[in-house]
Structures are given as structure tokens and as C-alpha cells.
**Student:** 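Dumping the structure here so I can ask a few things about it.
The analysis underlying the following values was restricted to heavy atoms, covering all of them including side chains, and did not include hydrogens, waters or symmetry mates.
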Amino acid sequence: MKQFLSVDDVADPMGVAREAIQLKSNPFQYQDMGKNKTLGLVFFNPSLRTRMSTARAAYNLGMHVMVLNVSQDSWQLETEDGVIMDGGKAEHIREAAAVMGSYCEILGVRSFPTLTDREKDYSEYLLNAFARHAGVPIINMESATVHPLQSLADLMTIEEHAQNKRPKVVLTWAPHVKALPQAVPNSFAQWMNRAPVDFVITHPKGMELAPEFSGQAGIEYDQSKALEGADFIYVKNWSSYHDYGHLYQAREWMMSLDKLKNTHNARVMHCLPVRRNVVIDDAVLDSNHSIVQQQAANRVYAAQIVIKKLLEAL
Ligand code: CP
């Protein structure tokens, strides 16, 4: 693997998820692989899980880790080419990415979308600038449109908890108090479309994801119909793709215990952070249906298998 920007960099997503599960059973079996190598983690936005799990994954492989919070600790970066830099931005991404790449063997980058300029966000200009100018492999730690480390951990978790060979997996929109990116649902859809599952997306009319991400998934606008017979329910809010960044309100879409009655004793998933009693009811999160903690724990091994594959290809 030369880079990890999206599922398109993974030849066999389920195979990699199974390798990650194997790694989890003996996390230190490659502890010398990253000796004298450094992973740089570059954050333009907040993070709990991605920051800690990716660092932990690198430590398990014997690497050093450096973290840079760009918005707090560094110079403001210009990303447009050809501009006269006489404003507040002191450094261009061309120099910054190349410098970071000279200090690290691998770089991870997190940068959220603006949610105001769809064309710019969906061009992945920042992630692609790092990929072009850093000179080292890039790990996408959640970009404007996708969150592949999360999706790999999600696929691992489904494989670990599946009760049959071809589970029904439902991605359901849920309410929220602020407009959120489409990165997690986009990415989850991409990975599920390449996994041995029956995949359905349910959301209010108008909240369709971009077709290049929803792909061949079944779309069902009736949430209760979609949840019938579900083995896994992935709950997630996203803001509108079509009315870009619009916050849609529909509190009745919150996940609650009564919605699980017609499922196949469904496991409930969420990438976290989750707002209790807005997105998912307490009674669900505190029940045996919830596997959100297992998902979060698997973030370490998803990151570790990716870093291992990048180290092997250096
Ligand atoms: N799920 C996830 O990426 O969590 P963080 O935003 O805390 O990293």
C-alpha cells in the first residue's frame, strides 16, 4: 500500500479487515518494524479517537509519533496556488507539507470540510495537496469527504460480531444539533458496497448522499421498513449534500429501543462522539445492542494494519 486516502487504495477491504483482527490477537508481533521511523499526525480539527488510536497503533509497531495541531500551534496555511500571500496566512501548503514530510516517514492528516463550498470540499484540495507535496505516504485521518480509518474499524467490528455469512447492514440518518460532514456515511457506504453484506441506507427525502458514495446501496425512505431484519444498524447524522451543509431537523429519526423490535437483535454502531438522547437514546447506548465501544477500540488495529502496510512499502 502506497497511501491510504480512501477505500480505493485497498485492493481487498475484507481481507485487510481480517488481517487487522488477526493483528489484534497479538498487537506487538511487529514491534521492531517501525524502529527509528516517525509518524507525524497533523490535525486541522479536533479529535479524540483518531489521535489516540493512531498514535497507539504506531507505538505498537515501535514508531515515534509527533502531533501538530495546525490551527492552534502552527502558522496559518495558504492552500491556493498563485496567490499573493499578503494576508494573514504566513506559510504555503507546498512548503509546509514538504517540510513535515522531511521529518517523518509517514504523515496522517485530518481536515474537515467547510460545508459552504461543495465543489471545493469534494475536490479534497487539502488532502491532495499533502499527497502531492509531502513526498511521503499520507494516511487520511478524516478528510472533507471520507473517513477510511473509521470505516475499516467498522468493517472489522461487523466481521467480529456477525451471526451469519451475509448480514443486513443499515445506515440510518439521525438528528443532530449542528451541521455535520458527510465523510463518515460516505466512507461507510463505500466500504459496505465492497463487503459481503446486504446494505441499505435510510434517511429523510432530500438527505441523499452523493451517488458516487451511495453506489448500489438500497435506499429506503421509511426508517422502520429499512430496519426490518437488520443485523447491524449504523446510526449517523449528516448535513445535506444537495442543499449543501443544510442542517435538517427530524427528531423522530433518533435511534431508540422500540425501533430495534423488528430487527434481528441488531447491533447498534456509531463512530463517536455521539450526543446522547439526540442521536441515540441512553437506553440503546447502555444496552447490549450497542457495540460503539468495540468499534472505537478497533480503531487501534485498523490504524495499525494500515501503518504496517505503508511501512512494508517504504
Ligand atoms: N470517530 C472519530 O474519528 O473520532 P474523533 O473525531 O474523536 O477522532
Side-chain angles (χ1 to χ4, degrees), residues 1-13 16 34 37-45 47 50-51 53-55 57-58 61 63 65-71 74-83 85 89 91-114 117-153 181-184 186-187 190-191 194 210 212-213 299 302-314:
M1 195 186 288
K2 296 284 185 203
Q3 59 180 6
F4 187 71
L5 303 186
S6 78
V7 73
D8 294 334
D9 294 308
V10 183
D12 175 10
V16 174
K37 298 208 162 42
T38 298
L39 174 68
L41 302 179
V42 184
F43 288 91
F44 290 82
N45 304 97
S47 168
T50 305
R51 178 179 311 229
S53 63
T54 310
L61 293 164
M63 295 184 84
V65 177
M66 293 196 290
V67 179
L68 181 69
N69 299 304
V70 177
S71 45
S74 186
W75 306 106
Q76 274 197 60
L77 295 183
E78 177 60 64
T79 56
E80 301 286 337
D81 283 331
V83 295
M85 289 176 54
K89 294 177 179 171
E91 181 156 24
H92 201 279
I93 189 77
R94 284 173 176 261
E95 282 76 43
V99 169
M100 292 183 214
S102 73
Y103 299 151
C104 304
E105 277 72 24
I106 302 172
L107 283 176
V109 180
R110 162 165 287 200
S111 90
F112 291 167
T114 63
D117 185 337
R118 187 173 84 179
E119 200 180 330
K120 191 173 178 192
D121 287 345
Y122 273 65
S123 75
E124 290 284 15
Y125 64 98
L126 191 67
L127 186 71
N128 288 332
F130 269 93
R132 266 198 308 277
H133 302 303
V136 296
I138 300 297
I139 299 175
N140 183 345
M141 299 197 299
E142 187 171 345
S143 63
T145 67
V146 286
H147 193 357
L149 283 179
Q150 179 67 53
S151 307
L152 175 52
Q182 297 103 33
V184 168
N186 279 347
S187 198
Q190 278 189 317
W191 285 70
R194 291 183 56 186
E212 67 262 35
F213 293 104
R299 291 290 306 274
Q304 194 172 335
I305 195 71
V306 168
I307 297 167
K308 174 177 174 283
K309 286 182 178 299
L310 294 175
L311 286 172
E312 284 167 344
L314 283 179

**Student:** Considering only heavy atoms from C-beta outward, does the side chain of Val306 approach that of Val10 to under 4.5 Å?
**Tutor:**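 They are not in side-chain contact.
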**Student:** Keeping the roles fixed (side chain from Arg194, backbone from Ala11), state whether a donor-acceptor pair exists under 3.5 Å.
**Tutor:**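 Yes.
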**Student:** For a 4.5 angstrom cut-off between non-hydrogen side-chain atoms, does Asn45 reach Glu142?
**Tutor:** no
**Student:** Measure across Glu124 and Val146 and return the closest heavy-atom pair with its distance rounded to 0.1 Å.
**Tutor:**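 Taking every non-hydrogen atom into account, OE2-N, 3.9 Å.
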**Student:** Can you see which heavy atom on Arg110 is nearest to which on Ser47, and at what distance?
**Tutor:** NH1-CB, 3.4 Å
**Student:** Mind checking ring-ring contact (aromatic ring centres under 6.0 Å, His included) for Tyr125 and listing every partner two or more places apart, or none if nothing turns up?
**Tutor:** none
**Student:** For Leu310 and Lys2, which heavy atoms make the closest approach, and how far apart are they?
**Tutor:**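 Smallest interatomic distance, heavy atoms only, reads CD2-C, 3.6 Å.
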**Student:** For the pair Glu78 (side chain) and Glu91 (backbone), establish whether a donor and an acceptor sit closer than 3.5 Å, ignoring hydrogens and angles.
**Tutor:**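 No; judged by distance alone, with no hydrogens or angles, the pair does not exist.
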**Student:** Show your working on side-chain contact (heavy atoms from CB on, under 4.5 Å) between Thr54 and Ile307 and close with a plain yes or no.
**Tutor:** CA-CA 9 Å; Thr54 310; Ile307 297 167; 4.3 Å; yes
**Student:** How long is the span from the SG atom in Cys104 to the CE atom in Met66, to the nearest 0.5 Å?
**Tutor:**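 Here the rounded value is 3.5 Å.
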**Student:** Using the rule side-chain contact (heavy atoms from CB on, under 4.5 Å), only one of Val42, Thr50, Leu127 pairs with Met141; which is it?
**Tutor:**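 So, applying the side-chain contact (heavy atoms from CB on, under 4.5 Å) to Met141 and each of Val42, Thr50, Leu127, only Thr50 qualifies.
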**Student:** Once rounded to the nearest 0.5 Å, what's the spacing between atom NE2 of His133 and atom CD of Glu95?
**Tutor:**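 Between His133 NE2 and Glu95 CD, I get 9.0 Å after rounding to 0.5 Å.
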**Student:** When you look at Lys89 and Val83, which way does the side-chain contact (heavy atoms from CB on, under 4.5 Å) test go after all the steps?
**Tutor:** CA-CA 11 Å; Lys89 294 177 179 171; Val83 295; over 6 Å; no
**Student:** Is there a donor-acceptor contact under 3.5 Å from the side chain of Arg51 to the main chain of Phe43?
**Tutor:** no
**Student:** Enter the distance from Tyr122:OH to Glu212:CD here, rounded to the nearest 0.5 Å.
**Tutor:**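 Reported value, rounded in 0.5 Å steps: 7.0 Å.
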**Student:** Got more than 12 heavy atoms from elsewhere within 6.0 Å of CD, Glu312?
**Tutor:** yes
**Student:** Do you know which two heavy atoms are closest between Ala303 and Ser53, and how far apart they sit?
**Tutor:**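 It is CB-O, 4.4 Å.
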**Student:** Specify the closest pair of heavy atoms between Pro113 and Ser143, including all atoms of both residues, with the distance to one decimal.
**Tutor:** CD-O, 4.4 Å
**Student:** Measure the CG-CZ distance between Leu152 and Phe4 for me, rounded to the nearest 0.5 Å.
**Tutor:**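 One finds 5.5 Å between CG of Leu152 and CZ of Phe4.
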**Student:** Between CG of Leu5 and CD1 of Ile138, what distance do you get to the nearest 0.5 Å?
**Tutor:**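 These two atoms lie 7.5 Å from each other.
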**Student:** If you measure from CG on Asn186 to NE2 on His147, what distance do you get to the nearest 0.5 Å?
**Tutor:**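 If I round to the nearest 0.5 Å, the distance is 12.5 Å.
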**Student:** Using side-chain heavy atoms (C-beta onward) and a distance below 4.5 Å, is Arg94 in contact with Asp81?
**Tutor:**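 The answer is yes; the side chains approach within 4.5 Å.
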**Student:** Can you find a heavy atom in the side chain of Pro137 that is under 4.5 Å from one in the side chain of Leu314?
**Tutor:**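 With C-beta onward as the side chain, the pair touches.
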**Student:** Under the criterion side-chain contact (heavy atoms from CB on, under 4.5 Å), I'd like the reasoning laid out for Val136 against Met100: C-alpha separation, chi angles, the key distance, then a yes or no.
**Tutor:** CA-CA 9 Å; Val136 296; Met100 292 183 214; over 6 Å; no
**Student:** Between Ala134 and Leu107, what is the shortest heavy-atom contact and its length?
**Tutor:** CB-CD1, 3.8 Å
**Student:** Among Ile106, Val109, Val65, find the residue that satisfies the side-chain contact (heavy atoms from CB on, under 4.5 Å) test when tested with Leu41.
**Tutor:** Val65
**Student:** Would you find a donor on one side and an acceptor on the other, under 3.5 Å apart, between the side chain of Asn140 and the backbone of Pro148?
**Tutor:** no
